[in-house]
Amino acid sequence: MSPSGADFDVVVLGGGPGGYAAALYGASAGLSIALVERDTVGGTCLNRGCIPAKALLQTAEVYRTATHAADFGIMPEGDGAFRPDWARVEQRTTGVVDKLVGGLSTLLKRRKVTIVKGHGRLTADGAVEVDGQTLRGRATIISTGSVPRSIPGFEPDGERIVTSDHSTRSDVLRERVAVIGGGVIGSEFASVFTDVGVQTTLLEALPDGVLPIGPDREIAGVLARSLARRGTTIHAGARVTAPSPSDGGLVVGFESGSTVEKIEVDQVLVAIGRRPVTDDIGLESLGIALDERGFVAVDTATMSTNRAGVYAIGDVVDTPGLAHVAYAEAIVAIQHILGETPVPVDYTGVPWVVYTHPEVAWAGLTEEQARAAGHDVEVHKHRFAGNGRAMIIGETDGMVKVVSAKNGPILGFHLVGPWASELLAEGYLAVNWQATPLDVGHFIHPHPSLSEAIGETMLTFSGRSLHG
Ligand code: NAD
């Protein structure tokens, strides 16, 4: 398929979820692919993001369960105490990451993807240069990802001031931590830290302290209350000032409303968002346009940049910074390269999951957004408190909330509670298939299961329910 002069059909720059998905999907469609990666394939998500962070959250979950073992009739012997052994935790997390990275490398090899190790740069003639080697592709995909943003005065050193790049390593855990930013990363780490006994203070600039952007307010409120109950100190509307060293650690000052406070901590985790990696990859030499926020500008119908044959996907473009969105964008780009007509990603319906305790998950519009969009809205909820399976597993905090157009399709599906991450699949399909609540309520949900709470919520729209 390669025209003369091209070594590959596609050269992919960056081997994170966007890049490796493009390589795997393209290769399975018969394209010859070069994947350029300067570090380890898998990118942030596999190596120091989604995977190790969720492994750490699972450790916190096991610890929580172990310390409540007596509730289930499992009585401790000896001193009865459970303590995290951080070396073992680290070993397990690294083990999971290594297995996945190894599996991915094998899969790429099996699909005959050529992995080129090194820093790649686009050149003026549309090739990609990697340490003196020139790779020519019929098409190029930029998937260089993102890195944590920092705040002046809070430059990360990996010890006292850290970002999520460091915090997935349990050896950097400290006794007192200030988390700056109550978004997805801040909330997930606040949840882990709190559950393993770290004294945690969450400082969020916006008026809502926990997940201020994204989920339904009522849903985020359940998580905020749970974190506070378990010991996280949350300050919303907080304006932080640069930390200063103290005898025991760092002093962080902040203003929140009329309060001006200083707290002493051992570590600060900066989690105020991520910025795209666009430096030193040769974008200017090819004249690739950036948008006003510094992301690579693309037409999301095809993921094409302003240069024909050059695509950009994943965190380097201004779409939700989620691995699974990058996967979907990779498919769109490859289909366009193949000359097919891709179905563009519907960014209004993507699945969102925050792996805190309790988990938060949603797809579609929040109640507020649906009303603001002018829909005649009907909303029903069902709490896990009365759900048999939730009682059995000892996790009854949370609810299902469904936002629907009156006598019309489901506009938004929202969860907070046990295994919300897994339960979301049904709601995601309902929103994106534009099902009505009664379409879904008609289906059978196994008993006893957490999913019954979904069935009950949907049935309530008919004015009837079993246990609602
Ligand atoms: P985010 O945008 O989700 O949250 C950043 C938060 O920091 C916001 O609430 C913002 O108001 C706050 N903030 C900004 N400046 C501040 C300041 N000076 N002081 C106090 N608060 C401040 O960003 P994130 O949590 O860093 O996550 C980065 C990216 O990683 C996101 O795209 C996210 O979707 C992705 N991610 C997703 C998951 C998941 O889906 N489970 C997990 C981790 C990361």
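When a ligand or atom number is given, it counts from 1 through the structure's own listing order. Residues take their numbers from the sequence shown, with the count starting at 1.
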Inset, instruction - Could you tell me whether Lys54 approaches ligand 1 through its side chain, its backbone, both or neither, with non-hydrogen atoms closer than 4.0 Å? - result: side chain
Inset, instruction - Could you walk me through whether Asp195 and Arg230 pass salt bridge (charged side-chain N to carboxylate O under 4.0 Å, His left out), step by step? - result: CA-CA 7 Å; Asp195 285 344; Arg230 280 157 34 227; 2.9 Å; yes
Inset, instruction - For ligand 1, find out whether one of its N or O atoms is nearer than 3.5 Å to an N or O atom of Ile151. - result: no
Inset, instruction - Distance to 0.1 Å, residue and atom name: give those for the protein heavy atom nearest to atom 7 (O) of ligand 1. - result: Gly181 CA, 3.3 Å
Legend entry - Residue, atom name and distance, where the atom is the protein heavy atom closest to atom 20 (C) of ligand 1: Ala205 N, 3.3 Å
Legend entry - Nearest-neighbour protein heavy atom for atom 25 (O) of ligand 1, which is reported as residue plus atom name and distance: Ile185 N, 2.8 Å
Inset, instruction - Indicate whether the side chain of Thr232 and that of Thr194 have a donor and an acceptor atom separated by less than 3.5 Å. - result: yes
Legend entry - Atoms in ligand 1 flagged as close to Ala271, the criterion being non-hydrogen separation under 4.0 Å: 5 (C), 6 (C), 7 (O), 26 (O)
Legend entry - Pair Glu368 + Arg217, salt bridge at N-O below 4.0 Å: no
Legend entry - contact_flag Leu203 ligand 1 heavy-atom lt 4.0 Å: yes
Legend entry - Expected output: side-chain Asn47 to main-chain Gly43 donor-acceptor under 3.5 Å: yes
Inset, instruction - Indicate, as side chain, backbone, both or neither, the part of Glu188 found under 4.0 angstrom from ligand 1 when only non-hydrogen atoms are considered. - result: side chain
Legend entry - Those atoms of ligand 1 less than 4.0 Å from some heavy atom in Trp352: 34 (O)
Legend entry - Atoms of ligand 1, numbered as shown, that sit under 4.0 Å from any heavy atom of Tyr355: 41 (N)
Legend entry - Sub-4.0 Å heavy-atom approach of Arg275 to ligand 1: no
Legend entry - Of the listed options Ile272, Leu322, Val325, Leu211, closest to atom 40 (O) of ligand 1 (non-hydrogen atoms): Leu322
Legend entry - atom 4 (O) of ligand 1 - nearest protein heavy atom and its distance: Gly183 CA, 3.3 Å
Inset, instruction - Distance to 0.1 Å, residue and atom name: give those for the protein heavy atom nearest to atom 19 (N) of ligand 1. - result: Ile180 CG2, 3.5 Å
Legend entry - Nearest non-hydrogen protein atom, atom 33 (C) of ligand 1: Gly321 O, 3.9 Å
Inset, instruction - Kindly identify the option in Cys50, Gly49, Gly273 whose heavy atom sits closest to atom 2 (O) of ligand 1. - result: Gly273
Legend entry - No-hydrogen, no-angle side-chain donor-acceptor test under 3.5 Å, Thr366 and Asp216: no
Inset, instruction - Determine whether Arg64 and His357 make a side-chain contact, defined as any pair of heavy atoms from C-beta on separated by less than 4.5 Å. - result: yes
Inset, instruction - Output yes when Arg176 and Glu264 qualify as a salt bridge under the 4.0 Å nitrogen-oxygen rule, no when they do not. - result: yes
Inset, instruction - Under 4.0 Å from a heavy atom of Pro212: give me the atoms of ligand 1 that qualify, with their elements. - result: 9 (O)
Legend entry - Where ligand 1 meets Leu206 - atom numbers and elements under 4.0 angstrom, heavy-atom basis: 11 (O)
Legend entry - Protein contact of atom 3 (O) of ligand 1 - nearest heavy atom, named by residue and atom, plus distance: Val184 N, 3.3 Å
Inset, instruction - For Val353, take its heavy atoms, then give the atoms of ligand 1 lying under 4.0 Å from any of them. - result: 39 (C), 40 (O), 41 (N)
Inset, instruction - Take Thr140 and Tyr311, measure what side-chain contact (heavy atoms from CB on, under 4.5 Å) needs, and give me the verdict at the end. - result: CA-CA 6 Å; Thr140 307; Tyr311 298 76; over 6 Å; no
Inset, instruction - May I ask you to check whether His445 and Glu426 show a side-chain donor-acceptor distance below 3.5 Å? - result: yes
Legend entry - Pair Arg229 + Asp397, salt bridge at N-O below 4.0 Å: yes
Legend entry - Test item: side-chain donor near acceptor, Tyr20 and Tyr25, under 3.5 Å: no
Legend entry - Aromatic ring pairing Trp352/Trp362, orientation class (parallel under 30°, perpendicular over 60°, tilted between): parallel
Inset, instruction - Return the residue, atom name and 0.1 Å-rounded distance of the protein heavy atom closest to atom 30 (O) of ligand 1. - result: Arg274 CD, 3.6 Å
Legend entry - No-hydrogen, no-angle side-chain donor-acceptor test under 3.5 Å, Tyr347 and Glu329: yes
